[in-house]
Amino acid sequence: MAVLNQLVIGASMAAVLLLVALGLTFTFGQMGVINMAHGEFIMAGAYTTYLVQPVAGTLAVPAALVVAFVVAGLMGLLLERLAIRRFYGRPLDTLLLTFGVSLILQQLARDIFGAPNVQVTAPGWLTGGVDLAGVRLPYNRIFILLVAVGCVVAIGLYLTRTGHGSRMRAVMQNRQLAAVSGVATGRVDQTTFFLGSGLAGVAGVALTLIGPVGPNLGTYYIVDAFLIVVAGGLGQLRGAVLAALALGILNSYVEFWTDASLAKVVVFMVIVAFLQVRPQGLFVLRTRALS
Amino acid sequence: MLAVEDLDVAYGRAQVLFGVSVRARPGALVCVMGRNGVGKTTLLKAIMGVLPARAGRVLFDGEDVTRLPTHERVRRGLGYVPQGHETFPQLTVRENLFVTPWATRAAVDEALDLFPALRPLLRRRAGFLSGGQQQQLAIARALVCRPKLLLLDEPTEGIQPSIIREIEQAVHRLHTEAGLAILLVEQYLDLALRLADQYVILDAGEVVRAGDRDDLADPTVHHLLAV
Amino acid sequence: ADDPVASGANSNTIKVGILHSLSGTMAISEVTVRDAELLAIEEINNSGGVLGKKIEPVVEDGASDWPTFAEKAQKLISQDKVATVFGGWTSASRKAMLPVFERNKALLWYPVQYEGLESSPYIFYTGATTNQQIVPALDYLKQQGKKRVFLVGSDYVFPRTANKIIKAYAAANGMQILGEEYTPLGHTEYSTVVNKLQQAKPDAVFNTLNGDSNVAFFKQLRSAGITAATMPTVSVSVAEEEVVGIGPDNVAGHLVAWNYYQTTAGPANDKFVKAFKAKYGATKVTSDPMEAGYNAVYLWAEAVKKAGKTDVEAVKKAAGGIVIDAPEGKVTVDGENQHVYKTARIGLIQPDGQIKEVWNSGQPIKPDPYLKGYSWATGLS
Amino acid sequence: MRARWSAPAAYAVTAILLLGVAPLVLTPFRLDLLGKYLCYAIVAVGIYLAWGGGGMLTLGQGVFFGLGGYAMGMHLKLVEAGAGNLPDFMVWSGVERLPALWAPFRNPAFALAMVVVLPTAVAALLGLLVFRQRVRGAYFAVLSQALAAAFVILLVGQQGLTGGTNGLTNVQYFFGLDLYDPAQKRIVYAIVALTLLAAIALAWQLSRSRFGRLLVAIRDGEDRVRFLGYDPAIVKTATFAASAALAGIAGALFVPMVGILSPADLGVVPSLEMVVAVAIGGRFSLAGAVGGAILYNYASTTLSEQFPSGWFYLLGAMFVAVMMWAPRGLAGLLADAAAALRRRSAATVPRAKPDAVAVPVGAGEGS
Amino acid sequence: MSGDLTVRGLTVDFDGFRALSDLDFTVRAGELRFLIGPNGAGKTTLVDVITGRTKPAGGSVRFDDHELVGRREHRIVRLGVGRTFQTSVVFEQLTVLENLDLAASFRRRTAGLLRRRRGVAAGVAAALETTGLAALADRPAGVLSHGQRQWLEIGMLLTQRPRLLLLDEPVAGMSRVERDRTGELLREIAREHTVVVVEHDMEFLRRFASTVTVLHEGRLLCEGDVATVRADPKVQEVYLGRSGEEVAA
Ligand SMILES: Nc1ncnc2c1ncn2[C@@H]1O[C@H](COP(=O)(O)OP(=O)(O)OP(=O)(O)O)[C@@H](O)[C@H]1O
Ligand SMILES: Nc1ncnc2c1ncn2[C@@H]1O[C@H](COP(=O)(O)OP(=O)(O)OP(=O)(O)O)[C@@H](O)[C@H]1O
Ligand SMILES: NC(N)=O
Ligand SMILES: [Mg+2]
Ligand SMILES: [Mg+2]
């Protein structure tokens with residue numbers, strides 16, 4: 001029974017992992033920006049919930065989803081305009097740049113909201129849960145799962161069904177060619193970065209239901225988020241989903257049989273081993289061109 | 001239609017074009033020629049705004065576009081096929097054709113009519129196409145923008161003879177029937193001879209000769225193109 | 001080589017170091033201790049300072065990085081020539097600083113409950129050692145008839161050592177340890193641990209998680225439907241500060257073990273709480289480590305007054321037996337092991353975020369860092 | 001002519017400054033700090049090789065630093081404890097018998113060998129696995145970062161074996177030297193400085209060799225290199241392993257220099273900082289990398305002393321500013337300034353046709 | 001040590017698409033062979049398989065009595081098989097000279113690689129000469145124009161002294177004079193090496209080719225001397241266009 005529970009737990013861990021990684025499928029996967037400040041955008045989403053809470057009452061969480069998307073999105077947009085746009089095609093440089101930004105944002109949060117965690121409580125309708133064959137599935141986990149699924153569907157449609165989605169990919173693959181095809185590349189960059197960062201904000205809202213809301217929030221998720229994207233294959237939505245699911249379930253079982261520390265180590269080793277079989281992640285985008 | 005005036009272009013500190021002036025009348029087909037490395041590609045890129053002009057102006061349809069971003073130039077009717085069969089490798093052929101924001105089904109259909117070989121490949125990723133297929137796609141992609149002036153940088157490179165013929169005919173048709181102005185960089189002299197109204201010869205980043213097609217028969221021109 | 005007195009002697013201030021993490025993971029906890037220490041310094045200065053001189057704090061950031069603590073401690077000692085240092089939170093930071101203070105014969109005041117088994121001649125420990133916090137908490141559980149206990153802790157030295165002590169206690173007292181789980185510092189995913197708890201169904205959970213993890217743990221415990229009524233937890237690193245972050249709804253009814261709560265009765269505490277809120281804002285809460293840091297400054301000041309100088313050896317000698325009326329009640333320095341006598345208190349978390357005392361040891365407990373007075377603890381070290 | 005002598009001259013000046021001047025003018029406390037910076041500078045030399053040279057952004061240097069450091073630290077702790085005794089942390093962690101893993105480290109030769117062998121072997125293994133499968137760029141960066149995260153969790157989780165979060169503290173002796181004695185500590189400083197100078201010389205030679213060019217080529221176009229008959233995986237692995245070895249040596253020296261080694265210095269953020277320091281100095285230049293490491297660590301010490309609660313703003317702003325305005329680091333900035341000066345003095349020459357050549361972005365002074 | 005290239009039953013599948021099917025193809029040692037065919041016929045794919053870039057679904061490629069299928073790219077190069085690419089790729093951050101030197105050095109031992117380059121090896125100097133890039137020797141290759149890159153790539157190949165050279169559209173984007181120069185160069189090389197050239201330029205073919213192989217849809221369409229091939233109606237149909245002569249004129 002307990003063993004069966006772990007499957008459900010794994011799935012709900014996967015939803016969290018997926019949610020924190022989803023924004024990266026845009027900024028990292030599509031745009032090639034290693035945004036270390038992604039974690040701080042998640043944090044911004046969480047603090048947004050904290051601020052929205054007194055205003056929106058029991059509807060704080062859904063309201064915050066929208067507000068946080070915009071807030072984090074705008075932060076991303078600002079970052080893109082002020083700095084990132086000079087760095088396309090140089091992922092490793094963006095890493096260092098955004099690391100600096102992440103330090104600044106953390107300290108800013110510390111100065112604005114204080115160093116200790118702030119309080120976000122789940123509304124009544126998200127407390128409790130359903131019992132599934134002896135397994136209790138908390139409502140807040142179901143909610144996170146739904147948010148994750150919703151985001152995945154929306155992103156999937158956006159990327160494949162809208163002209164904007166394919167233009168975004170075009171810009172990343174060949175900026176110059178996109179420009180001579182009439183694409184306003186700057187505008188596309190802004191939108192993409194806005195969306196990716198906004199998704200981080202959404203993740204932040206979800207995380208307030210299950211974890212701390214403090215200046216360090218982002219640092220706890222950033223490594224995992226990047227791992228998911230890498231294991232899934234850069235910019236591959238399906239890959240990210242499967243990778244999150246696989247790692248969530250793997251993690252939950254290893255942790256069940258050993259402990260949380262070992263689980264993290266094992267997950268890492270499995271990923272390295274996995275990349276032996278699928279070096280470019282679950283789903284590969286190859287071309288014939290030489291790198 | 002197009003007037004390039006005293007254009008200087010540099011890559012960082014290295015200047016490549018020196019006071020280049022080129023004119024194209026509406027509906028003209030101007031062939032840009034010159035040995036490898038003289039700056040033909042650089043000229044086209046500067047006209048498109050991919051490279052900034054250090055000095056000089058680019059006028060299109062009477063408007064000074066020198067400071068406009070690339071996509072605005074495209075919107076005004078400048079189309080460009082870069083050298084070396086460039087595509088969006090990870091997009092499908094269809095997606096490649098629809099990248100242009102104002103691409104219409106009709107425009108894409110017309111482009112595909114020009115290169116029917118692309119039709120069965122629509123769902124294939126462009127990066128997996130053969131060199132020639134990519135080049136055909138690249139030209140089709142530019143046409144989807146519905147340009148008024150088309151810049152073609154060595155469009156026949158890597159294309160099988162029968163398709164070269166088709167391209168030649170297509171270019172000819174676009175030029176004569178649709179009245180499209182064309183700036184063509186072409187290494188096949190005979191092909192250039194057959195198509196061009198005017199020509200420009202570059203050497204070491206400067207225009208050394210320009211004139212009407214008929215002059216091209218002149219042996220001194222051949223001399224300029226040799227060695 | 002460096003004489004800390006030298007600089008203090010011919011200026012009209014006495015420099016002291018304040019060394020806590022102001023950045024990084026630990027800032028969440030340590031910043032408030034710094035605030036409390038600065039408050040104490042301000043109060044002492046306002047009432048005339050010590051030896052007629054004002055205390056001048058030199059603040060440094062340990063940055064949640066243990067070697068940095070050592071480096072900054074060295075800097076405070078040899079560059080700033082401070083008379084003493086108040087600082088540290090994690091045991092790791094203390095272990096890193098310890099050799100620096102011993103080597104330089106300088107003085108550190110360490111304000112946080114810790115795992116014991118240590119007694120450096122150059123450190124004063126103003127937080128609880130194990131027999132003033134963990135052992136009383138176990139006594140309380142035993143008294144409540146909680147015999148089957150599950151241990152949950154962060155993966156570092158304090159929880160591991162604490163749990164070792166708990167297991168020894170359990171073995172001697174007929175308690176049963178159903179499980180022992182460690183998670184990395186900063187871990188935020190507790191569903192698996194909660195699942196294990198649900199399977200084991202202990203009478204109580206002994207929680208030595210630190211910092212942010214507590215927020216995740218309690219939120220997830222609650223959403224899994226576990227309440228204090230079905231499975232109470234007793235925490236030793238959850239104070240008022242943490243309760244705010246967790247959200248009182250999520251922890252109300254659970255137990256904590258400390259020596260001080262914001263609600264602890266007494267004029268000294270009323271004054272402390274009032275002064276703290278006046279200085280830092282009405283919404284701020286006070287907690288045990290803050291109070292221990294606050295006390296440390298007063299204890300040192302008293303010792304200096306008694307010694308008549310800031311010289312380390314003199315202060316050390318003078319400190320023994322010093323008593324102050326601290327917010328937690330009477331606090332006495334044990335001259336032998338340089339810990340302090342502290343009253344143990346078990347508290348119940350209230351829905352408003354405050355903690356209500358439900359039991360106390362009646363009188364301050366003599367510090368016993370090596371648990372020499374407990375027969376069951378003989379094998380521990 | 002000038003170019004030919006400027007490098008050896010700079011090297012000599014550096015040597016004199018480090019070995020002659022610094023010990024005389026700095027207080028023992030500051031000299032210790034400088035020694036610590038120099039340890040990071042040794043790591044920076046390795047990062048310069050791997051990242052500046054081979055384009056491998058390794059965000060896991062902390063792991064190799066740690067492996068070397070623990071190898072050394074274990075030996076020193078054992079010596080200090082004396083025969084038959086346990087190191088202090090094992091005592092308070094309740095370990096009763098010396099773990100088998102520790103026993104061989106009592107032997108100094110073994111421990112010294114492990115300082116190099118452990119990091120090299122781990123890097124070689126990871127490198128072979130990863131590079132043979134053509135994992136690179138951001139993938140590699142993220143993987144190596146995850147390695148650092150996993151390594152620290154592993155260290156922290158094995159308290160009885162590694163000292164857990166605390167790490168190895170209170171190291172007092174280093175092969176007979178008393179580290180509490182400033183005079184003897186100066187010898188350790190000298191060893192660190194000499195090691196750094198040796199590392200610089202080695203890296204200098206390597207980057208100017210064909211091997212160095214090959215690395216640049218691999219960075220430029222790894223696939224193409226295969227068709228020249230080289231195996232990029234081997235070349236990259238060798239380079240990565242060399243950078244790991246340097247990090248290991250640096251870690252080993254860090255232990256006596258600083259007296260403590262803790263997982264807090266080996267994780268994701270410290271590893272990132274090692275790289276950031278190099279970026280600030282200029283990753284395409286050896287002098288930039290080394291200078292960057294010293295400067296960065298100096299700056300973070302000073303900033304945190306001057307602005308204990310706001311220094312993260314300054315540090316963050318520094319990264320941002322460097323990446324924005326000096327993407328090739330301070331060394332790039334200096335090179336540009338020098339070039340500008342030279343051009344000004346040569347400005348009288350008439351129009352120079354396509355002669356002066358622009359260097360493609362990122363090429364820089366990569367030697 | 002026959003030096004022959006023997007391709008037997010070669011099949012390449014890309015997710016269900018058959019780029020080469022059951023192809024047999026032989027080039028004798030010392031031959032200069034031209035390979036033509038419509039866009040997408042599989043010419044580059046064939047070169048890719050020979051040089052280890054693409055794994056075939058079946059079949060064998062033997063050179064010099066070594067099976068090449070299954071070997072890694074650099075091993076194949078070390079057997080003496082060199083190639084150029086349809087889109088030239090040179091190392092942009094290295095100078096022209098360093099590009100050539102690196103290409104020439106692949107047989108050096110590790111110790112040789114660890115030493116600095118002193119002077120210019122004879123083979124490298126010759127390649128600089130042949131390719132006309134001597135004046136650009138110290139420029140980063142990133143500044144070369146399209147045509148100049150093509151030359152550099154050929155130069156790099158030459159310094160490697162392979163016994164079998166595979167050139168994928170070497171003269172694309174070159175002016176006529178340069179094509180002629182390349183052609184002469186090829187002739188010269190072919191005297192000592194086995195050369196396979198993929199090309200679309202019929203004029204070039206007419207001037208420099210002796211034997212031509214035509215691929216179509218992954219299969220051998222025909223093989224023979226230039227005249228025969230050009231006269232072949234199937235070739236005219238799929239490749240040259242009905243009036244192929246006109247184009248090439
Ligand atoms: N990115 C660059 N940086 C510096 N110089 C460059 C760069 N690209 C091209 N050049 C130089 O500019 C000159 C002109 O190049 P361009 O590509 O315009 O030549 P081209 O006439 O198109 O030649 P080709 O026929 O070979 O395509 C060449 O000498 C080349 O070396
Ligand atoms: N990786 C791949 N995945 C799918 N299809 C591929 C892949 N590689 C090649 N193809 C297809 O295989 C066919 C053969 O391609 P190839 O590049 O060998 O042609 P080619 O004869 O060199 O043509 P060209 O003369 O135009 O360069 C083409 O239709 C191409 O689209
Ligand atoms: N001493 C502690 N709580 O680490
Ligand atoms: Mg060109
Ligand atoms: Mg081809």
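Lettering follows sequence order; numbering is per chain, from 1.
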Exercise for review: Apply the side-chain contact (heavy atoms from CB on, under 4.5 Å) test between P308(D) and each candidate in I18(C), L19(C), L22(C); give the one that qualifies.
Suggested key: L22(C)

Practice item. Tell me, with the steps shown, if E305(D) and Q79(C) meet side chain to side chain contact (heavy atoms under 4.5 Å, CB included). Key: CA-CA 11 Å; E305(D) 281 175 8; Q79(C) 299 282 124; 5.8 Å; no

Review point. Side chain to side chain contact (heavy atoms under 4.5 Å, CB included) between F89(D) and V157(C): does it pass, once the steps are laid out?
Key: CA-CA 10 Å; F89(D) 75 87; V157(C) 61; over 6 Å; no

Review point. Any idea which heavy atoms bring S93(D) and K164(C) closest together, and the distance?
Key: C-NZ, 3.4 Å

Point to revise | Part of L261(D) within contact of chain C (heavy atom distance under 4.5 Å) | key: neither

Point to revise | Segment of F312(D) engaging chain C (4.5 angstrom heavy-atom cut-off) | key: side chain

**Study point:** Under 4.5 Å from a heavy atom of chain D, the part of A27(C) involved
**Key:** neither

Check your understanding: After noting the C-alpha distance and the side-chain angles of S262(D) and K95(C), does the key distance pass the side chain to side chain contact (heavy atoms under 4.5 Å, CB included) rule?
Key -> CA-CA 11 Å; S262(D) 119; K95(C) 290 283 188 206; over 6 Å; no

**Study point:** Residue among E118(C), K75(C), K72(C), E102(C) with most heavy-atom pairs under 4.5 Å to chain D
**Key:** K75(C)

Practice item. Taking all heavy atoms of T165(D) and all of Y156(C), pick out the closest pair and write down the distance. Key: OG1-CB, 2.7 Å

Practice item. Select, from T169(D), I260(D), D265(D), the one with the greatest count of heavy-atom pairs under 4.5 Å involving chain C. Key: D265(D)

Check your understanding: Is a side-chain donor or acceptor of W311(D) paired with a backbone partner of S23(C) at a separation under 3.5 angstrom?
Key -> no

